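Below: the structure, in C-alpha cells.
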Amino acid sequence: MNELIGWREWLALPGLNIPAIKAKIDTGARTSALHAYFIEPFSRDGVDMVRFGIHPLQKNNDLELVCESIVKDQRTVTDSGGHQERRYVIEEKVVFRDLSWPIELTLTNRDTMKFRMLLGRTALAGNFNVDPQKSFLGGRDLRKAYSKGK
C-alpha cells in the first residue's frame, strides 16, 4: 500500500469512540501523540489501564470525551523543544478513509498546540507518501461525525 496522505488529515480512533480528530501528519516526529487534558492510571482485573479526557475538536472545550485504553508502556519522550516528558503509551487502531491499522500513541496535554493529534513517521510505516502541499485528502471536515455538531 503506498497511499497519498496530506500534511493534515481528519482521522478516527474507533476503539476510543473518537469518530473524527484533525491530525498533523508529522514525519519529523517518530512517535504519534494524542491530546489528553487529564490522565488517570488504574487497574482492571490486574491489567494496567489509563483513563483520559480529550477535547477532540480544536478551539472547542465544550465537547469532552472520556476514553479508556490498556497501557502498553511508559516512555520518556523528547518534544520538538527538547523537553523530556514521561508519557503513557497506548495502542489503538487509526482510520483514514477506508484504511485501518494499529498505531502506538503517547498521551500528553496538547492544549497549546494547533493539532489535537500528531501522526508520526512510525505510524506511517512506509505505507504512505506525504504530500506537504495537500490537506484533507480523506475528507474536508468530519466534525459532523459528532452528533452535537460542535
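As the structure is a computational prediction, the values presented were derived from the model and not from experiment.
- Side-chain heavy atoms closer than 4.5 Å link hydrophobic residues (I, L, V, M, F, W, Y) into clusters, and following such links, even through other members, never connects Leu57 to Val95.
- For the salt bridge (charged side-chain N to carboxylate O under 4.0 Å, His left out) condition, the pairs that include at least one residue of residues 40-50, sequence neighbours left out, are Glu40-Arg51, Arg44-Glu68.
- Connection of Leu63 to Ile21 is established within a shared hydrophobic cluster, with ILVMFWY side chains joined at heavy-atom distances below 4.5 Å, either directly or through further cluster members.
- Every residue two or more places apart in sequence or in another chain was checked for a side-chain hydrogen bond (donor to acceptor under 3.5 Å, both in side chains) with Ser32, and none qualifies.
- Across all non-hydrogen atoms, the minimal contact from Leu137 to Ile5 is CD1-C, 3.8 Å.
- When the side-chain hydrogen bond (donor to acceptor under 3.5 Å, both in side chains) test is applied to Ser100, no partner is found at least two apart in sequence or on another chain.
- Between Ile25 and Gly6 the shortest heavy-atom distance is CG1-O, 3.0 Å.
- Considering CD1 of Ile90 and CG of Leu34, their distance stands at 6.0 Å, rounded to 0.5 Å.
- Between Ala20 and Trp10 the shortest heavy-atom distance is CB-CE3, 3.8 Å.
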inquiry  = Evaluate Leu124 against Leu119 for side chain to side chain contact (heavy atoms under 4.5 Å, CB included), listing each step before the verdict.
reply    = CA-CA 8 Å; Leu124 299 170; Leu119 190 67; 3.8 Å; yes
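- A distance of 10.0 Å separates CG of Asp111 from OG1 of Thr108, quoted to the nearest 0.5 Å.
- Within 6.0 Å of atom CD1 in Ile70, 12 or fewer heavy atoms from other residues, nucleotides or ligands are found, so the atom counts as exposed in its surroundings.
- Screening residues 7-26 for salt bridge (charged side-chain N to carboxylate O under 4.0 Å, His left out) gives no qualifying pairs among residues at least two apart or on separate chains.
- The other residues sharing a hydrophobic cluster with Tyr37 are Phe38, Val66, where clustering joins ILVMFWY side chains under 4.5 Å apart.
- Checked against side-chain hydrogen bond (donor to acceptor under 3.5 Å, both in side chains), Ser69 has the following partners two or more places apart in sequence or in another chain: Glu92.
- For the atom pair OG1 (Thr31) and CD (Glu104), the distance works out to 7.5 Å, reported to the nearest 0.5 Å.
- In terms of heavy atoms, Pro14 sits closest to Lys93 at CD-O, 3.6 Å.
- Residues Val77 and Arg86 have side chains not in contact (no heavy-atom distance under 4.5 Å, counting atoms from C-beta outward).
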request  = Apply ring-ring contact (aromatic ring centres under 6.0 Å, His included) to the pair Trp7 and Phe136, showing each step before the final yes or no.
outcome  = CA-CA 8 Å; Trp7 75 271; Phe136 309 121; 7.9 Å; no
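- One distance of note links CD of Gln74 with OG1 of Thr106; it measures 12.0 Å at 0.5 Å rounding.
- Identified under the ring-ring contact (aromatic ring centres under 6.0 Å, His included) test for residues 63-99, with sequence neighbours left out: none.
- Of all the heavy atoms in Asn17 and Pro19, the pair that sits closest is O-CD, 3.3 Å.
- Between Leu11 atom CG and Ile18 atom CD1 the span is 10.5 Å, to the nearest 0.5 Å.
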Leu99 vs Asn127, side chain to side chain contact (heavy atoms under 4.5 Å, CB included): CA-CA, chis, key distance, verdict = CA-CA 11 Å; Leu99 305 170; Asn127 295 317; over 6 Å; no
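- Both Leu65 and Val50 belong to a common hydrophobic cluster when Ile, Leu, Val, Met, Phe, Trp and Tyr are linked at side-chain heavy-atom distances under 4.5 angstrom.
- Under the side-chain hydrogen bond (donor to acceptor under 3.5 Å, both in side chains) criterion, Glu91 pairs with Lys72, not counting sequence neighbours.
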request  = Output, in order, the C-alpha distance, side-chain angles, deciding distance and verdict of side chain to side chain contact (heavy atoms under 4.5 Å, CB included) for Glu64 and Asp62.
outcome  = CA-CA 6 Å; Glu64 299 177 348; Asp62 293 335; over 6 Å; no
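- Remark: Thr76 OG1 to Gln84 CD distance equals 6.0 Å, nearest 0.5 Å.
- Listed by chain and residue number, nothing satisfies the salt bridge (charged side-chain N to carboxylate O under 4.0 Å, His left out) test with Arg110 (two or more places apart in sequence, or in another chain).
- Under the rule for a ring-ring contact (aromatic ring centres under 6.0 Å, His included), the partners of His35 that lie at least two apart in sequence or sit in another chain are His55.
- Residue pairs meeting the salt bridge (charged side-chain N to carboxylate O under 4.0 Å, His left out) criterion with at least one member in residues 118-138, sequence neighbours excluded, do not occur.
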ask   = Is there a side chain to side chain contact (heavy atoms under 4.5 Å, CB included) between Leu16 and Phe52 once you walk through the steps?
value = CA-CA 10 Å; Leu16 297 174; Phe52 58 96; 3.9 Å; yes
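- Arg30 meets the salt bridge (charged side-chain N to carboxylate O under 4.0 Å, His left out) test with no other residue; sequence neighbours excluded.
- Each of Leu118 and Val94 belongs to its own hydrophobic cluster when Ile, Leu, Val, Met, Phe, Trp and Tyr are linked at side-chain heavy-atom distances under 4.5 angstrom.
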